[in-house]
Amino acid sequence: MGRCRRQCLEEKYNPKEIEKKWQEHWEKEGLFSVREDHSLPKFYCLEMFPYPSGRIHMGHVRNYVIGDVIARYKKMRGFNVLHPMGWDAFGLPAENAAIKHGVLPAKWTFENIDYMKGQLKKMGLSYDWAREVTTCKPEYYRWNQWFFLKMLERGLAYKKASFVNWCPSCETVLANEQVIDEKCWRCDNTVIQKELEQWFFKITGYAEELLRDADKLGGWPEKVVTMQRNWIGRSEGVEVDFKIVGTDRTVRIFTTRQDTLYGATFMSVAKMHPLVEGLVKDENTRREIASLSEDPEQKEGVFTGHYAENPLTGDHIPIWVANFVLMEYGTGAVMAVPAHDQRDFEFAKKYDLPVKVVIEKWQGARGEGSREGAFEEDGILVDSSQFSGLPSREAREKIADYIEQKELGKRVVNYKLRDWGISRQRYWGTPIPVVYCDSCGIMPVPENELPVILPQDVVFTGKGVSPLLEVKSFVDTKCPRCGKDARRETDTMDTFVDSSWYFIAYCLGGNAKVDLNSAISGQRSAGAIHESPLRYWMPVDQYIGGIEHAVLHLLYSRFFTKVIRDIGLIETDEPFTSLLTQGMVIKDGAKMSKSKGNVVDPDFLINKYGTDTVRVFCMFAAPPERDLEWSDQGVEGAYRFLNRVWGLVYNNKFKIQDSKFKIEEIFSLQPSAISLLRKTHQTIKKVTGSIEKDYHFNTAIAALMELINEISSFNPSGEKDFEVLGLSMRQAIVLLSPFAPHVAEELWRQTGGKEGLLKQPWPSWDEEIAKEEETELVVQINGKVRGRVMIPAGLDDEAVKEKAFSEPKVREHLDGKTLKKVVVVQGRLVNIVI
RNA sequence: GCCGGCGUGGUGGAAUGGCAGACGCGCCGGACUCAAAAUCCGGUGGGCGCAAGCCCGUGUGGGUUCAACUCCCACCGCCGGCACCA
C-alpha cells in the first residue's frame with residue numbers, strides 16, 4: 001500500500017477487483033455508446049436477446065461472449081460497431097409464476113431483468129445499454145400493435161376459423177413452426193387440434209420471395225437455409241377438375257405428377273373434404289369415415305359410393321376417403337396412381353384396387369416395380385394416348401399445356417408453409433388492437449389510440465380462459481366508428497411478433513425512442529446528409545444465436561423485414577447478412593438442464609475466477625458453431641493462462657513500457673530476440689486469420705498461448721532485448737483484449753497505455769519479419785518420413801533436392817535403388833519415389 | 001424413408017491434398033517444501049527395441065494420387081432436421 005506513486009501493479013492477479021474497476025471505468029466513459037458516424041464503416045453485431053427467465057445460463061454466456069469478442073475485434077478494426085441488448089420479455093413463464101406464486105407477471109419479469117442485467121454487466125459485455133429494448137413495455141409493444149394495423153391495411157392480417165394447434169398445458173394456440181414432433185416447442189406436451197377463430201399473418205404472401213431470397217443468405221449456415229427452404233416447401237403442379245359421375249359437381253385435385261394422369265385408378269379425398277358432407281348420405285359410411293384411423297402408419301379408407309371421371313381418359317374411377325390425405329394442403333383431394341406413388345400403391349393393395357403402369361424406367365421395361373412397390377421416378381410414358389413415348393419431364397409440360405388449353409384445370413404452385421397464427425389465449429403478451437362491434441363488425445383500434453394497454457389489475461386463477469376476459473374495464477369499450485358499446489379482442493399476440501423486429505428498435509435508439517411513424521417520414525425525406533439511422537445500421541452484419549430458431553424466429557424476422565421494407569421503413573430485403581449458430585453447452589454428454597442436475601452456474605464461476613477466465617474458457621474449448629463440452633479443469637486451465645500472462649508482466653514490470661523499438665533495428669538484435677519478434681508477427685497473423693476464418697477463436701487463443709510460452713522462455717539480457725520483450729508483450733495484450741478485456745486493459749495501462757484498448761488499432765504484421773529464415777525440410781521416401789534437414793528459406797527446388805539427397809539417412813535408404821520420381825513442395829518437403 | 005452434420009490420443013480439440021495429434025486438460029517424473037497445495041522444468045498415440053531405429057495408427061472397406069484426417073465410392077455408428085405436402 002502506498003509504495004507506488006501511481007496505482008501500481010499488484011503481484012497477484014485479482015480479477016474481482018480489476019474487473020469491477022474497468023467495468024465502472026468503461027461505463028463512466030460511455031465507451032460503448034454509439035451513434036451514426038458516416039465517416040466510418042458500420043458493423044451491426046447482434047446476439048439473440050434472452051427471455052428474462054430469472055438467471056443467465058451458460059448458453060447465454062457463450063452466446064454473448066462470442067458476440068462481444070466480435071464486437072470488440074471489429075471496433076479495433078476501425079468499424080463503428082452497434083452492439084445492443086434487450087429483453088424478450090413477454091411470455092408464458094411470467095404468467096405461470098403468477099398462477100403459482102401470486103406474483104404479478106410484470107413484477108416477476110422486471111425483477112428478473114434487473115438481476116440478469118447485473119449478471120451481463122459483470123461479464124464486461126460491450127453493450128450500448130442506452131438502446132435497451134424491453135418488449136413488455138407499452139412503448140415497445142405499441143409498435144407491435146402498429147405493425148398489426150399496417151398488416152391489416154395491407155391485407156396481411158386476417159381472421160379465420162380453422163383447426164389450429166392447441167397446447168392443453170399452455171392453454172393456447174401454437175403456430176405450425178412452434179409444433180415439434182406433434183409436441184409444444186415450449187413445454188413438450190402433445191398438441192391437439194381445435195377449431196377456433198384466430199388472427200393470422202399472411203406469411204404465405206411472401207413465400208415466393210422468402211424462398212428466392214434464401215439464395216442471398218450466403219453468410220448463413222447452409223443447414224439453416226436448407227431447413228427454411230424445406231419448410232417453405234414449394235412445389236409446382238396442376239389442379240385438375242374431375243366430374244363426379246351422375247351429378248353436375250366436380251372435384252378439384254392437385255398433382256405435381258400430371259405425367260401419371262393416365263394411370264389414375266381411383267381418387268382419394270380428405271376426411272374433412274366438403275364433398276364428403278355433400279355426397280355421402282349413408283349413415284354407416286359416414287360413421288366409418290369418422291372412425292378412420294389417425295395413425296399415420298396405417299393407411300385406411302372408405303369408398304364413398306361415387307365415381308369421378310378422369311378428364312383425360314374418360315375413365316370412371318371410384319372416389320375414396322383416405323386417412324392420409326391432408327385437407328390443408330393443395331385441394332384436399334388427390335388422384336391416386338398406385339403404380340407410381342407408394343402410398344397409393346399400399347392403399348390399392350389393401351383394398352384390391354387396380355394398378356395401371358403408365359411410366360416405364362426406360363423403353364420396354366414395362367411393369368417395372370408394379371409388384372413390390374410403386375415406381376416413383378421419372379421415366380418414359382406408356383399407355384398415355386398422344387403423350388406416350390415422352391419423357392416425364394417433357395410430358396408434364398405438354399399435359400399441363402393441354403389441360404390449360406382444354407380448360408380442365410391450371411398450373412399452380414403450392415407451398416407447405418402455412419399462414420402464421422398469432423392469436424394467443426393468454427394474458428402476458430401484446431393486446432391485439434381490435435374491437436368487436438355488433439353494428440360495425442371487426443374494427444381496428446385507430447392508430448392515434450395506441451397503445452392498447454395491457455391491464456395490470458388481473459386475477460390469475462390458472463383455470464380455463466384467458467384472464468383478460470375477466471377484466472371488464474378492458475373488455476368493455478366503445479366502437480371507434482359508431483361509438484356504441486363494443487368489446488375488445490382479448491387474445492394477445494404470439495411473442496415471436498415481438499422478436500421479429502427488435503433489431504429495428506435498437507437502431508432507433510431503444511424502447512423510449514422508437515417512433516416508427518417519424519422513422520418512415522425520416523426515411524422518405526432522407527437526403528445524403530440526414531440519412532436515417534435505420535438506413536445506416538441495417539442490415540445486421542453478424543447475428544449470433546441458437547439453431548433452434550432456424551424456422552421460427554429467423555423465418556418470422558425475414559418475413560417482417562420484407563413487410564417493413566414494403567411499408568417504407570428500410571430498404572434491405574434481408575435482416576441478417578451473416579448468421580452464426582453456436583453449439584450447445586454440454587456437460588457429461590448432455591445438454592445442461594436442471595432435471596439432469598448438470599448445470600454450471602455462471603455467477604459462481606465469475607465469482608471464483610472472474611469473467612475473463614470464463615470468457616477465455618468458452619472461446620478456447622471449441623469453435624463457436626460446435627457443441628462445447630464443459631470442463632471444470634478446462635476453466636482452471638484458462639485461469640492459469642491469465643495468471644501466467646499477469647505474472648509475466650509483473651516480473652518485467654519496469655522493463656515493459658511503451659517500446660520505442662523500430663523495425664529497422666532488427667539487424668542489431670541477437671538471434672533469440674529476432675526469433676521472439678518473428679513469433680510475435682506470426683501470432684498476429686495467426687490470431688487475425690483465425691478470427692477472420694469463421695471466428696475460430698479456439699485456434700486464436702492457442703496461438704496466443706504459444707506466444708506467451710515463448711515470451712516466458714525468452715531470457716533478455718540487453719536493453720534491446722527488453723525492448724523486444726516489451727513490444728512482444730504489449731502486442732500479446734492487445735491480441736488478448738477481445739477475449740479477456742479486463743485483465744488486458746489493466747496490463748495495458750500498467751505498461752504505459754494511455755488510451756483504452758478499444759481505441760487501439762488491431763495490430764498488423766510484417767510478412768518479411770514473420771517469415772522463417774530457416775525451415776525444416778521433410779524428406780520422404782515413398783511417402784514415409786526418413787529425414788529432416790534445416791534449409792534456408794527461399795532455396796530453389798534444385799538446391800532443395802540436393803540437400804535432401806545429401807542427408808546420410810536418406811542415402812542409406814536409397815542405397816542401390818532406382819529413382820522413379822522426385823516431388824518437391826516449395827521449401828517444405830521432398831518426396832523421393834523409388 | 002429423405003436431407004444435412006459428425007466420427008482423430010486417456011480427454012476438449014489442431015492440421016490451404018504435403019511432418020497427424022498445435023494449444024489446453026489429465027497423467028507420469030523432477031525442482032521448491034518438514035509436508036501438502038500452488039508454481040516452475042521435463043515427458044506423454046500404440047507396439048517392438050538397450051539403443052539407433054522400425055512397424056502400426058484419423059469409424060470400416062475400397063479407389064484416385066508421388067503423397068489422403070482432407071478428394072471419390074460403398075458401408076457402420078452417433079447427432080440434428082423433415083416425414084403421408086400428392
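First the proteins, then the strands, lettered A, B, ... as listed; each starts at 1. All values reported here derive from a predicted model rather than from experimental measurement.
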Rounding to the closest angstrom, what is the interatomic distance between B:U39 and B:C56 at atom C1'? 39 Å
Look at the side-chain N and O atoms of A:S235 and state whether any lies under 4.0 Å from the OP1 or OP2 oxygen of B:A86. yes
Residue whose closest nucleotide on RNA chain B lies nearer the 5' end, A:Q780 versus A:T255: A:Q780
Inter-nucleotide C1' distance (B:G7, B:U60), Å rounded: 11 Å
Taking a pair to mean Watson-Crick or G-U wobble geometry with both distances below 3.5 Å, B:C6 pairs with B:G77
Please give the distance between the P atoms of B:A14 and B:A51 as a whole number of Å. 35 Å
Given the P atoms of B:C55 and B:A68, what is the spacing between them in whole Å? 15 Å
Base versus backbone protein contacts along nucleotides 25-30 of chain B [heavy-atom cut-off under 4.0 Å; B, S, -]: SS----
Would you say A:Y329 reaches B:A86's phosphate, i.e. side-chain N/O to OP1/OP2 under 4.0 Å? yes
What distance, rounded to whole Å, do you find between the two C1' atoms, one in B:C69 and one in B:G13? 14 Å
base_contact_polar (B:C54 base, A:R786 side chain, donor-acceptor, <3.5 Å): no
When the C1' atoms of B:G9 and B:G45 are compared, how many Å lie between them, rounded to an integer? 5 Å
Identify the nucleotide, in any strand shown, that forms a Watson-Crick or G-U wobble pair with B:A83, with both distances under 3.5 Å; if there is none, say none. none
Determine whether the side chains of A:Q582 and A:R626 contain a donor N or O and an acceptor N or O closer than 3.5 Å. no
Residue matched to B:A35 through Watson-Crick or wobble contacts both under 3.5 angstrom: none
Can you tell me the Watson-Crick or wobble partner of B:C48, both distances under 3.5 angstrom? B:G53
Check the surroundings of atom NZ in A:K356: do more than 12 heavy atoms from other residues, nucleotides or ligands lie under 6.0 Å from it? yes
Can you tell me the Watson-Crick or wobble partner of B:C40, both distances under 3.5 angstrom? B:G30
Can any side-chain N or O of A:K271 pair as donor or acceptor with the backbone N or O of A:A322 at less than 3.5 Å? no
Ranking B:C40, B:A15, B:G24 by distance to the side chain of A:N709, first place goes to B:G24
Could you measure between the two C1' atoms, the one in B:A15 and the one in B:A67, and give it in whole Å? 16 Å
Pick the C1' atom in B:G81 and in B:G63, then give their distance to the nearest Å. 32 Å
